[in-house]
There are 2 protein chains.
Amino acid sequence: MKTVVKKSRKQQIEEKATTLFQSRGYAATSMRNLAQDLGIEAASLYSHIKSKEEILQRICFRMAEEFYSAWQEVDEETSGNAAKMEKAMIAHVKVITKDTNASAVFFNEWRHLSEPHLSEFLAMRDDYEGRFKKILRDGMASGEFKLVDEKFMMLTILSSLNWTHNWYKPDGSLSPEEVGKRLSGLLLNGLKKN
Amino acid sequence: MKTVVKKSRKQQIEEKATTLFQSRGYAATSMRNLAQDLGIEAASLYSHIKSKEEILQRICFRMAEEFYSAWQEVDEETSGNAAKMEKAMIAHVKVITKDTNASAVFFNEWRHLSEPHLSEFLAMRDDYEGRFKKILRDGMASGEFKLVDEKFMMLTILSSLNWTHNWYKPDGSLSPEEVGKRLSGLLLNGLKKN
DNA sequence: ATCTCTTGCTAACGAACGTTAGTATGTTTA
DNA sequence: TAAACATACTAACGTTCGTTAGCAAGAGAT
């Protein structure tokens with residue numbers, strides 16, 4: 001038995017826009033493109049949304065919320081910083097793989113946000129990155145991690161994780177959990193055999 | 001004594017365009033934006049270039065050439081696949097850090113290339129990625145590397161390397177060589193202490 | 001002295017852009 | 001049954017877009 005949930009028109013617009021923003025970029029996607037994909041006229045979009053940028057804002061800030069929500073289970077992990085880092089990486093990858101299109105927009109198109117949304121967005125990103133840096137700092141202090149540059153390491157970890165939106169396919173053989181595990185295993189233990 | 005090399009107007013245009021494409025994106029940068037930054041009228045640009053896209057093509061394919069050139073010294077490394085991988089990573093990072101703006105355009109704006117340039121670009125990228133995969137394959141066969149998914153590993157390595165364009169500052173304390181060394185050390189040996 | 005090359009201008013082109021106003025129709029709510 | 005809402009339309013707005021045509025002034029080469 002399949003339950004069909006009726007999606008609001010606004011949500012349909014947002015989903016189609018996500019796909020288009022992902023493949024052509026925000027600036028190169030016109031309201032007429034979007035309308036055509038929905039089978040309506042461009043002007044009709046404005047019965048549901050206030051502006052083109054409102055769509056971008058909704059996508060970006062919804063994703064930000066998802067990353068924050070996912071962090072809850074990370075803070076529950078108390079058995080060590082390596083374990084905590086693994087949990088954080090898995091949680092992060094899970095969010096990305098749940099909607100790779102929206103993730104792509106989140107990572108690539110945020111710069112088209114206008115103020116004050118842009119500043120708010122960047123502040124959230126800084127805060128989020130700070131959480132990863134804290135795990136690294138704690139892990140280095142406790143002797144679990146090698147002594148590395150905190151920021152350098154954080155950026156390297158996140159870039160590896162974030163890139164998954166480019167190649168992950170939901171119908172592939174790897175589950176989100178498995179992808180996160182492999183990535184964390186790799187970054188924590190390295191490629192080389194000892 | 002400082003030698004001033006006179007740059008052609010075309011080159012000046014290309015450099016300003018690179019900066020603009022990097023910060024605003026290709027689609028969101030207008031020819032009038034570009035002209036204004038150069039202190040001339042938009043129409044005047046067309047005394048030097050054929051089209052807006054020609055600029056993007058020149059940036060993308062020049063970077064592609066640089067990545068290929070840099071590979072020469074990689075093939076000279078014959079003392080093992082771990083050493084070869086390190087060399088490849090350093091060479092790759094060196095190219096990126098030499099011009100982070102052009103690298104950003106190369107990585108983010110190539111999708112705005114029209115055919116047949118887009119296909120040519122993607123073919124080159126596939127070929128280049130194949131070279132990294134070959135080192136991985138050889139290293140796994142020789143027992144130097146752990147047995148991992150080849151494509152998965154290649155994508156993870158390259159995403160870490162490619163992200164450097166976002167944070168590397170030429171006036172910072174790390175040389176390109178040093179950045180490459182640290183990244184390869186990290187990906188080969190991992191974060192965790194044994 | 002003439003020619004060619006570089007560099008830039010003004011004026012304008014047709015197309016596409018995001019968006020608004022005003023209207024119509026069917027559906028849900030009171 | 002009436003009011004409110006959801007959805008979509010046509011027509012058009014002012015703006016910006018990439019680009020072309022045609023012209024002009026100065027520099028370097030022959």
Side-chain angles (χ1 to χ4, degrees), chain A residues 4-61 105 108-118, chain B residues 4-61 105 108-118:
Chain A
V4 179
V5 180
K6 199 207 161 199
K7 285 176 193 165
S8 72
R9 204 62 166 131
K10 182 161 184 170
Q11 199 170 332
Q12 290 176 36
I13 291 172
E14 202 174 303
E15 284 172 21
K16 265 277 186 289
T18 302
T19 304
L20 282 170
F21 291 171
Q22 181 269 325
S23 61
R24 314 164 63 120
Y26 174 77
T29 301
S30 74
M31 296 303 272
R32 286 168 178 86
N33 290 151
L34 175 55
Q36 192 165 43
D37 272 27
L38 288 160
I40 61 176
E41 292 297 319
S44 305
L45 292 166
Y46 291 84
S47 297
H48 308 279
I49 54 152
K50 282 198 287 293
S51 66
K52 183 185 178 186
E53 205 201 305
E54 190 208 5
I55 307 176
L56 181 62
Q57 285 162 20
R58 290 176 65 91
I59 298 169
C60 288
F61 285 97
V105 175
N108 300 323
E109 310 297 331
W110 57 265
R111 59 176 161 179
H112 295 107
L113 291 170
S114 64
E115 293 293 358
H117 311 97
L118 181 59
Chain B
V4 179
V5 180
K6 198 206 160 199
K7 287 176 191 165
S8 72
R9 202 60 165 137
K10 183 162 183 170
Q11 200 170 334
Q12 292 176 36
I13 291 172
E14 203 174 302
E15 284 173 20
K16 267 276 185 289
T18 302
T19 304
L20 283 170
F21 291 171
Q22 181 269 324
S23 61
R24 312 163 65 118
Y26 174 77
T29 301
S30 73
M31 295 305 272
R32 286 169 178 84
N33 290 150
L34 175 55
Q36 192 164 45
D37 273 26
L38 289 160
I40 60 176
E41 292 297 318
S44 306
L45 292 167
Y46 290 85
S47 297
H48 307 278
I49 54 150
K50 282 199 286 291
S51 68
K52 184 185 179 186
E53 206 201 303
E54 191 210 4
I55 307 177
L56 180 63
Q57 285 163 19
R58 291 176 64 91
I59 297 169
C60 288
F61 285 97
V105 175
N108 301 323
E109 310 297 332
W110 56 265
R111 59 178 159 177
H112 295 108
L113 291 170
S114 64
E115 293 293 358
H117 311 96
L118 181 60

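Residue numbers start from 1 in every chain, and the chains themselves are labelled A, B, ... in the order their sequence lines are given, proteins ahead of strands. These numbers come from a predicted model, not from an experiment.
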So which heavy atom on A:Cys60 is nearest to which on A:Val105, and how close? SG-O, 4.5 Å
For a quick test of reading the model: is some side-chain N or O of A:His48 closer than 4.0 Å to OP1 or OP2 of D:dT7? yes
Between P of D:dC17 and NZ of B:Lys52, the distance in whole Å: 9 Å
Would you please confirm or rule out a distance under 4.0 Å between OP1 or OP2 of D:dT7 and any side-chain N or O of A:Ser44? no
Whole-Å distance separating the CZ atom of A:Arg9 from the P atom of C:dT27: 15 Å
Of all the heavy-atom pairs spanning B:Lys52 and B:Tyr26, show the shortest one and how long it is. NZ-O, 3.0 Å
Heavy atoms, side chains only, cut-off 4.5 Å: are A:Lys10 and A:Arg58 in contact? yes
Heavy-atom pair of closest approach, residues A:Leu56 and A:Glu109: CD2-O, 3.6 Å
Apply side-chain contact (heavy atoms from CB on, under 4.5 Å) to residues B:Arg9 and B:Leu38 and explain how you reach the verdict. CA-CA 10 Å; B:Arg9 202 60 165 137; B:Leu38 289 160; 4.0 Å; yes
Do side-chain atoms of B:His117 reach the backbone of B:Ser114 as a donor and acceptor pair under 3.5 angstrom? yes
Please say whether more than 12 non-hydrogen atoms of neighbouring residues, nucleotides or ligands are located less than 6.0 Å from CD in B:Glu54. yes
Heavy-atom closest contact (A:Tyr46 atom, A:Ser51 atom, distance): CE2-CA, 4.1 Å
Expressed in angstrom and rounded to an integer, what is the separation of B:Leu45 atom CG from D:dC17 atom C1'? 14 Å
Below 4.0 Å: OP1/OP2 of D:dT19 and any side-chain N or O of B:Tyr46: yes
In residues 25-41 of chain A, which ones come under 4.0 Å of DNA chain C, going by heavy atoms? A:Thr29, A:Ser30, A:Met31, A:Arg32
Between B:Ala28 and A:His112 the two heavy atoms that sit nearest each other are CB-NE2, 4.0 Å
List the steps and the verdict of side-chain contact (heavy atoms from CB on, under 4.5 Å) for B:Asn33 and B:Asp37. CA-CA 6 Å; B:Asn33 290 150; B:Asp37 273 26; 5.9 Å; no
Let me know the distance between CD1 of A:Ile49 and P of C:dT20, rounded to the nearest Å. 10 Å
Expected list for residues 54-61 of chain B near DNA chain C, using heavy atoms below 4.0 Å, is none
Under 4.0 Å from any atom of DNA chain C, heavy atoms only: list the residues of residues 12-22 of chain B that qualify, in numerical order. none
Looking at the side chain of B:Ser51, which of D:dT19, D:dT10, D:dA8 is the nearest nucleotide? D:dT19
Kindly determine whether A:Met31 and A:Ile49 satisfy side-chain contact (heavy atoms from CB on, under 4.5 Å), including the steps that lead there. CA-CA 11 Å; A:Met31 296 303 272; A:Ile49 54 152; 3.6 Å; yes
